[in-house]
Amino acid sequence: MLQNIKIGNFYYQSSYMTMFYVGCIFFIILLCWKKHREVYGIPLWKAAIMSVISIALGYATTSLMFGLENGMQNFSGYSWYGAVFFMPISYMILFWFVKYIMKLNTLEYVHNLAAPLAMMNGFMKVGCTLYGCCFGYPMAHGLYIYNAMLNRRMFPIQPIEAALNFAVCGFILWYERKPGKIKYVYPLYMIIYSVGRFACEFGRQGNPIWWFLTGGMIYALMAIVIGIIWILIVKNIEKKEAYKFAHKPSAASDWRHKA
């Protein structure tokens with residue numbers, strides 16, 4: 001474990017916050033990456049501006065969720081599901097700015113955030129690993145890492161979650177390039193990340209809120225349900241549009257009808 005990182009006389013910060021900064025840098029890089037931008041048709045200068053706005057929103061939404069979890073008394077931490085749930089809502093609030101000032105499709109921009117969010121969360125979990133937070137179960141034998149903060153061996157849930165998020169990021173980058181799949185990207189991110197997160201919760205040392213379900217499990221189930229409903233709504237809209245197109249009179253038949 002490396003709880004603090006020092007670089008010469010000009011940088012001294014916790015490893016957790018250091019990985020937060022690193023994650024922000026890679027978040028911007030991915031949003032500005034040409035192959036990712038081309039999928040959504042976003043020019044580089046717009047991607048750069050929107051990436052900074054997205055980081056600010058991510059910071060605000062994760063802090064808000066942490067505050068909600070702590071009775072609105074403490075906003076000094078981060079709860080990742082704040083970004084998962086509230087980023088789409090934030091961009092709906094910013095709909096006018098995104099559509100009429102930045103000239104972007106607001107909903108498509110939300111989908112554009114899925115892979116960078118997964119990558120950002122991966123770096124945050126690396127920070128957790130180095131700093132020693134988000135504790136795993138105590139382990140006497142088998143697979144473990146040493147937590148200097150608690151002076152004990154524990155199940156390496158943080159690096160496992162980091163690997164999960166990086167894998168989700170890679171999958172989304174592949175999936176979003178498939179024709180006609182952009183409209184499903186963000187809800188799919190919610191589902192696959194949350195399935196993995198639900199499984200990872202069994203390796204955390206958390207307190208059940210109801211039955212055996214921890215807060216993370218409840219958030220994961222909520223995200224899975226929201227993601228499924230989102231996809232079903234989009235599919236239903238697509239079916240209705242396809243039906244209207246199939247039953248729309250052609251120009252020739254319309255001409256004969258009027259004649």
Side-chain angles (χ1 to χ4, degrees), residues 5 7 10-11 13 15-64 78 80-128 130 161-190 192-193 227 230:
I5 295 177
I7 303 176
F10 63 90
Y11 184 86
Q13 186 62 264
S15 53
Y16 182 82
M17 289 307 301
T18 299
M19 294 313 300
F20 170 76
Y21 301 142
V22 171
C24 288
I25 292 170
F26 277 91
F27 183 90
I28 293 173
I29 290 173
L30 182 51
L31 281 175
C32 294
W33 183 40
K34 184 178 179 180
K35 289 187 176 180
H36 180 66
R37 289 188 293 106
E38 286 176 344
V39 175
Y40 299 91
I42 303 175
L44 178 58
W45 71 271
K46 291 185 180 181
I49 293 173
M50 294 301 294
S51 66
V52 175
I53 294 173
S54 297
I55 285 177
L57 289 175
Y59 182 89
T61 53
T62 54
S63 296
L64 174 61
Y78 309 100
W80 188 253
Y81 268 107
V84 175
F85 290 134
F86 298 142
M87 285 291 272
I89 297 173
S90 298
Y91 272 102
M92 290 303 103
I93 295 173
L94 293 177
F95 176 86
W96 185 89
F97 171 80
V98 177
K99 182 175 177 64
Y100 296 106
I101 303 298
M102 299 302 296
K103 306 294 185 181
L104 296 172
N105 183 306
T106 308
L107 186 55
E108 281 193 4
Y109 191 80
V110 170
H111 296 303
N112 161 70
L113 292 172
L117 282 173
M119 185 178 63
M120 177 75 180
N121 197 14
F123 281 109
M124 295 294 287
K125 293 306 176 183
V126 172
C128 289
L130 295 174
E161 285 196 55
L164 164 68
N165 279 282
F166 290 133
V168 171
C169 175
F171 173 80
I172 293 297
L173 289 173
W174 167 80
Y175 180 83
E176 68 185 8
R177 302 187 69 84
K178 297 171 70 68
K181 298 301 183 181
I182 287 178
K183 60 181 72 71
Y184 300 113
V185 168
Y186 199 90
L188 186 63
Y189 162 62
M190 295 180 76
I192 60 175
Y193 164 64
W230 188 336

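Note that the coordinates shown come from a computational prediction; the quantities given were computed from them, not determined experimentally.
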Chemist: Can you find a heavy atom in the side chain of Leu31 that is under 4.5 Å from one in the side chain of Tyr40?
Modeler: no
Chemist: Of the non-hydrogen atoms in Cys24 and Ile55, which two are nearest, and what is the gap between them?
Modeler: O-CD1, 3.6 Å
Chemist: May I ask you to check whether Phe27 and Phe20 place their ring centres under 6.0 Å from each other?
Modeler: no
Chemist: Any heavy-atom pair between the side chains of Arg177 and Lys35 that's under 4.5 Å?
Modeler: yes
Chemist: Write down the atom of Ala48, the atom of Ser51, and the distance for their closest heavy-atom approach.
Modeler: O-OG, 2.7 Å
Chemist: What do you reckon, are the aromatic ring centroids of Phe171 and Tyr189 less than 6.0 Å apart?
Modeler: no
Chemist: Could you tell me whether the side chain of Ile28 reaches within less than 4.5 Å of the side chain of Cys32, counting heavy atoms only?
Modeler: yes
Chemist: Please report the C-alpha distance between Asn121 and Val84 in whole Å, then the side-chain angles of each, then the deciding distance to 0.1 Å, and finally whether the side-chain contact (heavy atoms from CB on, under 4.5 Å) criterion is met.
Modeler: CA-CA 10 Å; Asn121 197 14; Val84 175; over 6 Å; no
Chemist: Going through the checks in order, is the side-chain contact (heavy atoms from CB on, under 4.5 Å) test met by Ile89 and Thr61?
Modeler: CA-CA 10 Å; Ile89 297 173; Thr61 53; over 6 Å; no
Chemist: What I'd like to find out is whether the side chain of Pro116 reaches to under 4.5 Å of the side chain of His36, using heavy atoms alone.
Modeler: yes
Chemist: Quick check against the 3.5 Å criterion: does Ser63 have a side-chain atom that pairs as donor or acceptor with the backbone of Ala60?
Modeler: no
Chemist: Could you state the interatomic distance from OH (Tyr100) to OG1 (Thr106), rounded to the nearest 0.5 Å?
Modeler: 9.0 Å
Chemist: Judged by atom type as modelled, is there a donor-acceptor pair below 3.5 Å linking the side chain of Tyr186 to the main-chain atoms of Tyr109?
Modeler: no
Chemist: Does Phe123 have its ring centroid less than 6.0 Å away from the ring centroid of Phe166?
Modeler: yes
Chemist: Taking C-beta and beyond as the side chain, do Phe86 and Tyr81 meet within less than 4.5 Å on heavy atoms?
Modeler: no
Chemist: Between Ile42 and Ala47, what is the shortest heavy-atom contact and its length?
Modeler: CG2-N, 3.7 Å
Chemist: Roughly how far, to the nearest 0.5 Å, is NE2 of His111 from OH of Tyr175?
Modeler: 10.0 Å
Chemist: Lys125 vs Trp80, test: side-chain contact (heavy atoms from CB on, under 4.5 Å). Steps then yes/no.
Modeler: CA-CA 10 Å; Lys125 293 306 176 183; Trp80 188 253; 6.0 Å; no
Chemist: Side-chain contact test, heavy atoms from C-beta onward, threshold under 4.5 Å: evaluate it for Val110 versus Met87 and give yes or no.
Modeler: no
Chemist: Under 4.5 Å between any side-chain heavy atoms of Thr18 and Leu130, yes or no?
Modeler: no
Chemist: Compare every heavy atom of Ala118 with every heavy atom of Asn165, then report the nearest pair and how far apart it is.
Modeler: CB-O, 3.2 Å
Chemist: Could you tell me which non-hydrogen atom of Pro187 sits nearest to which non-hydrogen atom of Gly227, and how far apart they are?
Modeler: CB-O, 3.5 Å
Chemist: Any chance you could measure Thr62, atom OG1, to Leu117, atom CG, to the nearest 0.5 Å?
Modeler: 10.0 Å
Chemist: Can you tell me how far CE of Met120 sits from CG of Leu113, rounded to the nearest 0.5 angstrom?
Modeler: 12.5 Å
Chemist: Return the set of residues passing ring pair (Phe, Tyr, Trp, His ring centres under 6.0 Å) with Tyr21 (not counting sequence neighbours), or none when no residue passes.
Modeler: none
Chemist: Look only at the side chain of Asn112 and the backbone of Glu108, and say whether a donor-acceptor pair between them is shorter than 3.5 Å.
Modeler: no
Chemist: Could you give the distance from CH2 (Trp96) to CD1 (Ile101), rounded to the nearest 0.5 Å?
Modeler: 4.0 Å
Chemist: Looking at every non-hydrogen atom in both residues, tell me the closest pair between Pro43 and Gly41 and how far apart they are.
Modeler: CD-O, 3.7 Å
Chemist: Could you grab the distance from atom CG of Leu44 to atom CH2 of Trp33, nearest 0.5 Å is fine?
Modeler: 14.0 Å
Chemist: Apply side-chain contact (heavy atoms from CB on, under 4.5 Å) to Leu30 and Leu173, showing your working.
Modeler: CA-CA 10 Å; Leu30 182 51; Leu173 289 173; 4.0 Å; yes
